[in-house]
Every structure is written in structure tokens, then in C-alpha cells.
Amino acid sequence: MDIIVCVKHVPETAEAELKIDASGKTIEKTGLVFDINEWDDYALEEAVRIKEKFSGTVTAITVGPEDSDSTLRKCLARGADKAIRLTDLKFTNSDAYATAKILYSIIKNLHFDLILTGAQAGDDGSAVVGPVLAGLLGVPHATMVKKIEFGEGKAVVNRELEGGLEERLEVKLPAVFTVQTGINEPRYVSIMGIRKAMQKEIRVMGLADIGLNESEVGEAGSWLKIEKLYVPPVEKQAEFLQGSPDEIATKIIEILKSRGLV
Amino acid sequence: MNCLIIKRKGFYTNRFEYVLKSGWGIMDFELTAEQKMIVETAAEIAHDYGPEYWREKDKNHEFPEDFWKSLAEAGFPGIVIPEKYGGGGMGMFEMLLAMETLVSEGCGLAGEWFLCLSSVFGGLSITKHGNDAQKEKYLPRIAKGMEFCLALTEPDAGTNTLNIKTLAVEDGNDYVVNGQKIFISGADRAKGMLLVTRTTPLEKAPKRTLGLTLFLVDLPNPAVEIIPIEKHGINYSKTFEVYISDLRVPRESVLGEVDKGWYLLLDTLNPERMSFSAAACGLGLLAIKKAVEYAKERKVFEAPIGAHQAIQFPLAEAKAKIEAARLLNYKAAWLFDRGQECGAEANMAKVAAVEAGTEAVYHAMQTFGGYGYAVEYDVERWWREVNLIRLAPVTHQMALAFIGQHVLGLPKSY
């Protein structure tokens, strides 16, 4: 089974102190640690596990600057066979739609039975690239996938829904699945894997190599434009209840009832 | 370090380009992509086995099974083992990067300890001096996580290794070994032991440094009895007195040449020093990080305590000293990996690392005030751990004596 995994090199923002940069449209990236997007990490692991079970190949693809090589190397070290980096200054500020177009322009020429990617990215959280890519390729997709099994020419996947529900779908292959965290337990990069990764090539392609023109990528080729990035103002809504314990308890019940919480 | 003199600056667009093209002034502190990945993976593992995990293991005197399994799955015990035998084929420098990161990112001394026992005592010694059969027998297993130990120290010899009494006597195609060892860590779980013996007693040896022979011994063995030593820290790993009575080992298990073990042993003992220097630096960095987090938050009077020079400066000083010690330790590893003499650097790095690491943990503990004494804050455990490194693998004073005598050329001081 030939699998393509779309990955993104993102800043780790969960515990970092974030600052908005001078443009007001993105964060200050200096000093941040970049790594593979968490959801893509699970997608890559799932792809490698499928390959180990059914044989085939895993190709990791990213749209991003040269620095993204460290994420691709990590994919190679964890078991991907090939890596492709799509890099061009013209790709800057591509939204999810333009990014999916860039990925589509290369993937349409590759053989694949399955495309996996993270359900969303840790930086922009748009969760759109996978479905749009499926649309462009004309193949089915499923999002928030938590389990994948295979039948003849098809896959059966479990999707995570709100409220603890799961949905089970039968999907014709080839297809695009966007993977939810927790679908597996990603392995550590191994020392032997690191050695092997350094012997594998990362293919680098730019705008000229993928058959798109300038107006189809970057800001020009995007449907969405970031207007402003900001930290929401902090509001204080704490209310201190006064009185004896009995009085406070009565007030709490009143408040909860008035808000329909009890 | 080369001194950069830009004589022909005008020929190049900038200083950087000049340096690159001329090769002058090149001292590359940048890690390679491979080395960066080792550091990242080590950090990932350390984050999964953080201080809370070790607090429990230390308290319950429990071996960290799952931690060691994760390290083995990630191939860390094989870093210094050739690729041919399932390892990474890398050097001591890469091993130090792994150890230092594991320690400083949350594992404490454990991040170095188990790798030193199995990979340095076992993997590295056999890689350096084993014959093909020995390499095939042990290296693939060590790369996968087989545990190992070193039986060197004896109660009546201490640091005076040449004075050891454990005797191996030739008997047909075998040797029969009798003797006593002390402070042998991991002997309960190890499947292999690097045993240091005398095949020629000191009084009969033509030279003091001759007559030592190293053996690779499979464990457990009924002729090897172990008795645990209760200790100050590192309670997730046990250390033993070892009594060897009529242990029969085949001639094939001699590592290197009979009577010439002393010269091989240095290739194990110098990397051991480097490993513990990495541990001291890592512990210092870990304790400083924790103390800094606390010093930013904790307010006793008006400002956070980290605003006070009494808290801030000792931490800053320790940090600077640790960074200096790390570089010296890297240099020792760099020399070792090139097959060059590294004893001076290994001992100087050990002296610098112990002082810096101990100072760092001491002041981290002071930063926490009374909480520094509470188990919950971890720093007391790191204090118990860093205390080992001024005593082992060699005492601070013996490392100083080495520098005095062998680096400065002063008379022997002991």
C-alpha cells in the first residue's frame, strides 16, 4: 500500500510565551521551537504501521521553508521512505485552500492508495487542508479518524464525534483521512532510524516544478486573508459572595438556577 | 581555537563568507542534523519520564522497567555500537549529548546511569577491544538493551586499581577467579560483567601496570554472590558487594590480551568520567531550570524572590560554570572519538562539572528555602544524586591529583 502523509512544520506554542509580530498578522517566531505538527505525528505513525503490516511505501510531503527539513527528517527516521519539500517564496501566506492546491499539484502525479494527514495543525487550527485536497483529487475523505481497518479496495474508519460518540464509515480507496490524536502511540525516533534518515534524499520542488502559476498560490491564490492576530482582552467576572455559609450557599443555588445550570 | 585574522576582507562580501571559504577561524559549535535529532528524541523520552516518575522509583526502590524499555526501543544503548552490530555507529560525543539531555530534561541522574552501565562498560569496551566472536555475542544484545556491569573496585584497593587482589589462575583452557569487589552497580540485573582481575599478582609483575586481565563474564552465575549496599540516593538502581568464589571462565572470555588489561581499561574509565561529567552538568541544568521557574513565581515580600541578587546571582554563576564544563567535556569526547589521548581533558572536565553541578543543585535547593527539603520538589533527590559524582567514578580529590601530577607535572601528591 502506497501512502502519502502531508505534514507541517509548526512552532510549539502550547507552553511558549507568545508575542504578536510587527505586522500584527502572525506571531513572533524567534526563539520558538519548531517540530512536526502533533496531529501529523499521529498520521505519520499510522502510515508507518500500515506499511509495516501490508508493505508498500510512505512518502512524507510538506509545504514550507527549508527549516521544514527537520520535520521531514524526523518522518524519514520514523520509517517514511521518501520525502518531498515544496518550497517557494511565492507560497508565503497561502491559506488552507492554496496549500491544498500546492499539495494537489504534486500528489496528482504520484501513485497512492491512501493519504493521511493531521486533523488540524497546531498553529492555524483550520482543519481544512485534508478535505480540500480530497475534493481537488476527486477522492472521498473522512475527518477526525481514530481507527483504520482495511478490506478489499476499501477502508473502514472510526470518526470521533462530540459527546463521546464514534461513527463508523466504510470508505472507498483511494481516500484522504485526517487523523485525530490518540489513534496510536507514536514511536520515538530511533538511533538506527536517524542513521537511515540521513541516507535518504529530500526532494525539493518550487513553483516552477509543480505546474501552477503565481496567481494560484500565496496570498493571490488564497480565499482567506488574515486581517489581524491579537490576544483577546482579559475580562474579570469574579464575584465574591458575602455572608454566613448558609447565606452564601443560598446565593450559589440562586445563581446556578438563574443560569439554568441546575 | 584558531584566532581569526581577516587579512583579505575586501575579497569577500562579508566576514562569514570569508571564514567559510578560507577555513580559518572554523570551530563548529553547530550540531549536525543527526545530533540534533538525538537531542530531540532524548528530550522527548525525558519528558515522558519526568521528575514525578523518578520520585516514585527512588522512593519505592524500583527499577525503571518501562523507561529502560523505551530507551532500548529508541536504540540509545546502541549509540556507540557499530551499525554492523545493530547500533548507531556513533561516538562518545553523541552519547554525551543523549545523556546530558535525558538528565537535564527531567530524568535526573538516571538519564546517564543506565546507559553508562550497559553502553559504556559493556558496549564501548567490547566495541573497542573485543574480538569478532565477543562482538557478535554481546553487541547486538547490548544495542537492544541487555544490561551490563563493571566489576573493578575492591575494598582494599579503592582508587588504587593496580592494587586489586582478585586473582584469575589459569587451569587448562579456563581461568579460575577468586576475589571480592565493592560498589558494583546493576550486578543484580546484568547479564554480562566486565570483570577486572590480576592474572599476575602485583608483587610478581615486571611493571605495576602489567598483570591485569579483563574478562567478559555471563551472569547470573552461582560463583558470583552479591549483597546489596544501602545508599544515599539513586535508589532505582542497586549497588552491591560482590564475592567471587572459584568462578570458572573460558579463555575465550578474556577481553584484549592477558596481563595487559590496564591499558584497555582507560578506554572504559575515561568515557565513564565523561558520562558522569555530563550527568553533573545535566543535573545542574535541571535544578537551575526548576529553581528559576520557582523564583519567578514565589513572592515572600513584594517582588518575586528571583529579583533578589542573593537568589539570582548564584544561579547565574552556576549556569556559566556548567556551560564551561560542558564544552570541556565535549572536547574530551572529541579527542576520545578521534582516538587521541583524552585523560587530561576527561579529568579536568570532571573537576569542572562536579563543582559547577554541585553548586547549581546547592543553590537551587537554597532557592526553594524549606521546600527544598521536601521530597515533592525533587531538588533534594538531585542533591542526593549529584553528591555521588564528587565521589565516583573517582573522588574529586583524586581527579585533582591527576591534574596536578599529569597535566601540571608536579610531584605525586598521595
Side-chain angles (χ1 to χ4, degrees), chain A residues 7 9-17 31-38 40-42 44-45 48-49 52 60 62 64-80 83 85 122 181-182 184-202 204, chain B residues 30-50 66-91 93-95 97-99 101-102 105-106 115 119 123 139-140 142-145 289 292-293 296:
Chain A
V7 297
H9 188 59
V10 297
E12 284 178 7
T13 51
E15 285 168 22
E17 285 176 26
L32 291 179
V33 178
F34 281 69
D35 199 356
I36 185 170
N37 169 42
E38 191 187 351
D40 298 342
D41 203 21
Y42 286 90
L44 189 266
E45 176 65 31
V48 173
R49 286 181 187 207
E52 284 168 352
T62 192
E66 203 183 329
D67 291 352
S68 314
D69 275 359
S70 65
T71 277
L72 290 177
R73 288 253 174 256
K74 199 168 183 178
C75 296
L76 292 170
R78 292 250 301 274
R85 169 162 59 79
T181 56
N184 52 44
E185 200 179 316
R187 71 196 68 188
Y188 296 116
V189 169
S190 76
I191 298 295
M192 288 301 286
I194 292 173
R195 277 333 281 260
K196 283 186 195 147
M198 302 314 287
Q199 289 149 16
K200 296 176 190 167
E201 189 201 356
I202 295 177
V204 181
Chain B
E30 181 80 19
L31 297 183
T32 64
E34 279 175 301
Q35 290 161 346
K36 281 182 193 163
M37 284 170 94
I38 295 173
V39 170
E40 281 167 22
T41 307
E44 219 172 290
I45 296 173
H47 297 160
D48 287 346
Y49 297 95
D66 33 6
F67 166 74
W68 184 245
K69 195 167 162 247
S70 291
L71 268 195
E73 277 170 8
F76 276 58
I79 289 178
V80 294
I81 289 173
E83 284 183 88
K84 189 179 160 189
Y85 299 105
M90 299 169 182
F93 178 61
E94 285 74 19
M95 182 54 101
L97 288 176
M99 289 172 163
T101 311
L102 285 165
E105 288 296 317
L115 285 174
S119 309
L139 295 182
I142 294 173
K144 288 200 178 82
K289 192 171 151 197
V292 165
E293 276 168 19
K296 278 185 187 171

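FYI, side chains are in, hydrogens and waters are out, and symmetry mates aren't considered; it's all heavy atoms of this structure.
- Contacts with chain B were tallied for A/Lys74, A/Met198, A/Arg195, A/Arg187; A/Arg195 has the most, counting heavy-atom pairs under 4.5 Å.
- With a 6.0 Å radius and a threshold of 12 heavy atoms from other residues, nucleotides or ligands, B/Lys144 has its NZ atom at or below the threshold.
- When heavy atoms are compared at a cutoff of 4.5 Å, B/Glu44 approaches chain A by way of both its backbone and its side chain.
- Between the OG atom in A/Ser190 and the CD1 atom in B/Ile38 there is a gap of 10.5 Å [rounded to 0.5 Å].
- Heavy-atom contacts from other residues, nucleotides or ligands closer than 6.0 Å to CD of A/Gln199 number more than 12.
- The heavy-atom pair separating A/Arg73 from B/Met37 by the smallest distance is O-CE, 3.3 Å.
- Chain A forms more heavy-atom pairs under 4.5 Å with one residue of B/Gly78, B/Ser70, B/Ala33 than with any other, namely B/Ser70.
- A pairwise comparison of heavy atoms in A/Ile191 and B/Gly88 identifies CG2-CA, 3.5 Å as the closest pair.
- Taking all atoms of both residues into account, the shortest heavy-atom contact from A/Tyr188 to B/Asp48 is OH-OD2, 2.6 Å.
- Within 6.0 Å of the CD atom in B/Glu73, the count of heavy atoms belonging to other residues, nucleotides or ligands exceeds 12.
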